[in-house]
Amino acid sequence: MRLHPRAHRGIGALSPSADPLPPAWIVVGREDARIVAVRLDAHGGQLSRTSIPSEELASLIADEDAGTRWVWHDTPAWYPQLLAAGVRVARVHDLRLCHAILRDSATVVDDGGLRAATEWDAAAVVEPAPAALFELDAGAAGPPDDIASALAEFARQRAALDAADDRGRLRLLLAAESAGALIAVEMRTAGLPWDPAEHDRLLSEFLGTRPAAGGMPVRMQQLADEVRAELGDPAASLDSQPKLLRALHRVGILAESTSRWELVRYEHPVIEPLIQYKRLARLYAANGWGWLAEWVHGGRFRPVYVPAGVVTGRWASSGGGALQIPRQLRPAVCADPGWALVVADVAQLEPRVLAAMSGDAALARAARGQDLYAGIVDSGAVPTRAEAKVAILGAMYGATTGDSGRLLPALRRTYPRAMALVDDAARVGEQGGVVSTWLGRTSPTTSAGWRDTQAAAAEPDASGADEARARRRAADRGRFTRNFVVQGTAAEWALVWLADLRTRLAAMDPVDEDRGAPASGPVFSTRPHLAFFLHDEIIVHTPLARADEVAEAVRDAAASAARLLFGRFPVDFPLDLRIAQTAAKD
DNA sequence: GGCCGATGCGCG
DNA sequence: AAAGCGCGCATCGGCC
C-alpha cells in the first residue's frame, strides 16, 4: 500500500486553527450493481462523477490522494473488504455516526431537515455470525447505502454543521468519531495477539487441571466439595442463586443476596471457599476454555468494537466480552515473535478532563504530575489519598451519602469551578434538560415515562408516593447528566488520542515482509498498528524495531489530544506506558 | 424450546 | 438499596 506524504496531517488538519476544510471529499454509494463516486469541492459542488464495478473500489481508493476524505454511509459495510484487499483508508466521514451526533447536538441550531431523515437512525451494519450465514435475516440492515441518499444526507450534515454554534469543536468531534469507525474495523481486522498456550496455562493454574471429559476443573471441584461440606449438603447447588441462598440460610447465614459484598460481612467457614469458588466459576464460564476455542483463532482475538455504542460516546463491544477481559488473563495478550506491545493508559483521565473543561486552575494544579489524588492531598482538601479518590469519584458520580458524600463540601471549597460544572450538569438533568460534552455530543432527551412521572407528581391530587418516585427519578437523571459531561468528554479525549496516534503509526516505515506478522493481515503485517482500546487505555502491536518510535508517538498523540481539546489550558495527561512482550502489568 | 427480566460480576 | 456513573455476558427461572 502506498502512503501519501500528506497522510501525517491526520485529524490535525481539522483542528479549529488549521485549514477548515480538507482538500477533497468523495462521496461513495451504490447504484444498481455498481458503485458511484462523486467528487465534491469545498462548498459541496459536484466536480465529477464516476461509476465503477464494486470490485474496483479498492484500486480507486488506493490511487487517490491520501488527503481525500471518503464519505460513506456506514464504515463496517465498506471497510473490511478494503482492508482484506490490502487498502488502508486515511480519512472518512461516517454518515451514520455523524448523523447521530448532529441530530442530538444542542449546539446545532438549525438542523436543515437532518432530524427528519430517520432512515439514518439505523444501527450499524453488522456482519452476520458464521452460524447465521444461512438465515434469512442475517446481518442488520443499516442506513441507506445508495449514492443519492448519501449525497442528500451529506448535504444536510454540512448545512447543520454550518449552522452550529461552535463549528470548530463539532468538526473535530465528527472527524475523530469517523476515525474511530475506521480504527474499530482495523483493530478487528488486525486482531489482538493472543497466546492460546499461555491462556491454557493460566486457566490450569487458577482453576486446576482441565478434566478430560466434561466435568469441572480440579481446583474448582475441590472448592465446591469444601463449600458443600460446610453447608452440610452434598447436593447443594452453587450456581443457582435462589437455591444457594436457601442453603446459606439453613446454616444460619441470613444474607439477602449471594453477592460478594454481602457475603463478606458474615463470619462462617463456608464464606471464604464460596467466594473463591464463585471467582473461579466466573472465570471458567466467561473466559475459560470454551471462550478460547470460540474467540481466539490463529493467535488473534477479534472482537467487534461498537464506536459510540454507549450514549456518552464511549465504545461498546459485541461478542467475546472484549471490554471485560479479566486482568488475570492479561499475560495471554502476547506479541508475535520479533514484535512487541506498547501498552499505555492515562492515569485518572476523568478528573483531569473535568479540571480542563471547567477551567479549574486549582484542580489542574493538583493534576500536575503522575498522581492527581496525591495532588489533592497536597492541596489540603482531604487528608489521605484514599479519601481523595472516593471524594472525586463521588463528585463525578453524584454520591450523596457515606464517606464520599461527607467529603464533598471540602471538595467544593477547594475546587469550586470543577464542582460547579458537575453540580450544574446534575441540576439541568434533574429538571429534564440536556447537557453536552466539551465537543458537543449531547445527552438524550427525557423519556415519555420520565415526563409522565414528573407530571403525575405535579398534579394537585398527587400522593406522597408519586412525589417520592418523581424525586427519585429526577435524582437518577441528575446523576446521569452529571456523569455524562465528564465521561463523554473523557471519551472524546481518548478518541482524539487514538485518531492522532493512528495517523502517526501509518506514517512510520514498514519492516520487511520476513519480519512481518502475517496474522495481522495485508495492511498491518509489516507496520505498527493499534490492537486494543479500552476507554483510557491502548495497546499497539509493533515490530520490535519500531517500539521506541511507537512509544514516542503514543506520548505525542496524547499531547496533541490535550492541545486539540483544551488548547493552552495547563493540565497534564500523564501516561503509564510500557514496552513489553505481554500486556501483563508488572 | 425460545424469550425475557433479574442477578451477579467482569471492565473502565 | 452498594452509598455513586457507564457497559456486556452467563446463568437461572418463570413464562408462553
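Because only heavy atoms are used, hydrogens play no part in the values below, and waters and symmetry mates are left out as well, while side chains stay in. Quick note on labels: first sequence line is chain A, next is B, and so on, each numbered from 1.
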Interatomic distance, Glu350(A) CD vs dC7(C) P [rounded to whole Å]: 13 Å
Contacts of type side-chain contact (heavy atoms from CB on, under 4.5 Å), residue Ser178(A), not counting sequence neighbours: Val92(A), Asp94(A), Cys98(A)
Sugar-phosphate only, base, or nothing, as touched by Leu393(A) at under 4.0 Å among non-hydrogen atoms: nothing
Closest non-hydrogen atom pair between His199(A) and Asn287(A), with its separation: NE2-O, 2.9 Å
Intra- and inter-strand pairs of DNA chain C in dot-bracket (Watson-Crick or G-U wobble, both distances under 3.5 Å; | for another strand): ....||||||||||||
Ring centre gap for Trp438(A) and Phe566(A) strictly below 6.0 Å: yes
Stepwise side chain to side chain contact (heavy atoms under 4.5 Å, CB included) test for Leu501(A) and Val540(A): CA-CA 10 Å; Leu501(A) 173 60; Val540(A) 177; 4.0 Å; yes
Any Lys278(A) side-chain nitrogen or oxygen under 4.0 Å from OP1 or OP2 of dC9(B): yes
d(OH, Tyr277(A); C1', dG8(B)) in whole Å: 14 Å
Rounded distance (Å) that lies between atom C1' of dA6(B) and atom CG of Leu245(A): 14 Å
Test side-chain contact (heavy atoms from CB on, under 4.5 Å) applied to Gln241(A) - qualifying residues, sequence neighbours left out: Leu245(A), Thr258(A)
Letter per nucleotide, 5' to 3', of nucleotides 8-16 of chain C [B base touched, S only sugar-phosphate touched, - untouched; heavy atoms, 4.0 Å]: BSSSSS---
Between dA1(C) and dA6(B) - C1' atom distance, rounded Å: 15 Å
Trp194(A) ring center near Phe532(A) ring center (under 6.0 Å): no
Rounded interatomic separation in angstrom, taking CZ from Arg314(A) and C1' from dC11(B): 9 Å
With Arg169(A), the side-chain contact (heavy atoms from CB on, under 4.5 Å) member among Leu174(A), Thr437(A), Leu439(A): Leu439(A)
Separation of dC9(B) P from Leu238(A) CG (nearest whole Å): 13 Å
Strand contacts (DNA chain C) in residues 396-435 of chain A, 4.0 angstrom heavy-atom criterion: Tyr397(A), Gly398(A), Ala399(A), Thr400(A), Thr401(A), Ser404(A)
Under the side-chain contact (heavy atoms from CB on, under 4.5 Å) test, residues paired with Ala316(A) that sit two or more places apart: Val306(A), Val310(A)
Pairs where residues 405-431 of chain A contributes a residue and the test salt bridge (charged side-chain N to carboxylate O under 4.0 Å, His left out) is met, not counting sequence neighbours: Asp403(A)-Arg406(A), Arg412(A)-Asp423(A), Asp423(A)-Arg482(A), Asp424(A)-Arg427(A)
Pairwise P distance, dG5(B) and dG4(C) [rounded to whole Å]: 26 Å
Mutual orientation of the aromatic rings belonging to Phe480(A) and Phe484(A) [parallel < 30°, tilted 30-60°, perpendicular > 60°]: perpendicular
Asp225(A) and Tyr277(A) side chains, donor-acceptor separation under 3.5 Å: no
Nearest-Å distance for atom pair CZ/P, residues Phe301(A) and dC11(B): 14 Å
DNA chain C contacts among residues 474-489 of chain A, heavy-atom distance under 4.0 Å: Arg479(A), Phe480(A), Asn483(A), Gln487(A)
Set of residues satisfying side-chain hydrogen bond (donor to acceptor under 3.5 Å, both in side chains) with respect to Asp371(A), sequence neighbours excluded: Gln348(A), Arg385(A)
Inter- and intrachain pairs under salt bridge (charged side-chain N to carboxylate O under 4.0 Å, His left out), touching residues 241-267 of chain A, at least two apart: Asp233(A)-Arg250(A)
Closest non-hydrogen atom pair between Pro196(A) and Leu292(A), with its separation: O-CD2, 3.8 Å
Non-neighbouring partners of Glu205(A) that pass salt bridge (charged side-chain N to carboxylate O under 4.0 Å, His left out), sequence neighbours left out: Arg201(A)
Spacing of Phe532(A) atom CZ relative to dC11(B) atom C1', expressed in whole Å: 9 Å
Backbone N/O of Ala106(A) and side chain of Thr442(A): donor-acceptor pair under 3.5 Å: yes
Whole angstrom value for the distance that separates P of dC5(C) from CD1 of Ile392(A): 17 Å
Ion pair Lys585(A)/Glu537(A), N-O distance below 4.0 Å: no
Sugar-phosphate only, base, or nothing, as touched by Ile325(A) at under 4.0 Å among non-hydrogen atoms: sugar-phosphate
Close residues, residues 252-275 of chain A, relative to DNA chain B [heavy-atom separation under 4.0 Å]: Ser257(A), Thr258(A), Ser259(A), Arg260(A)
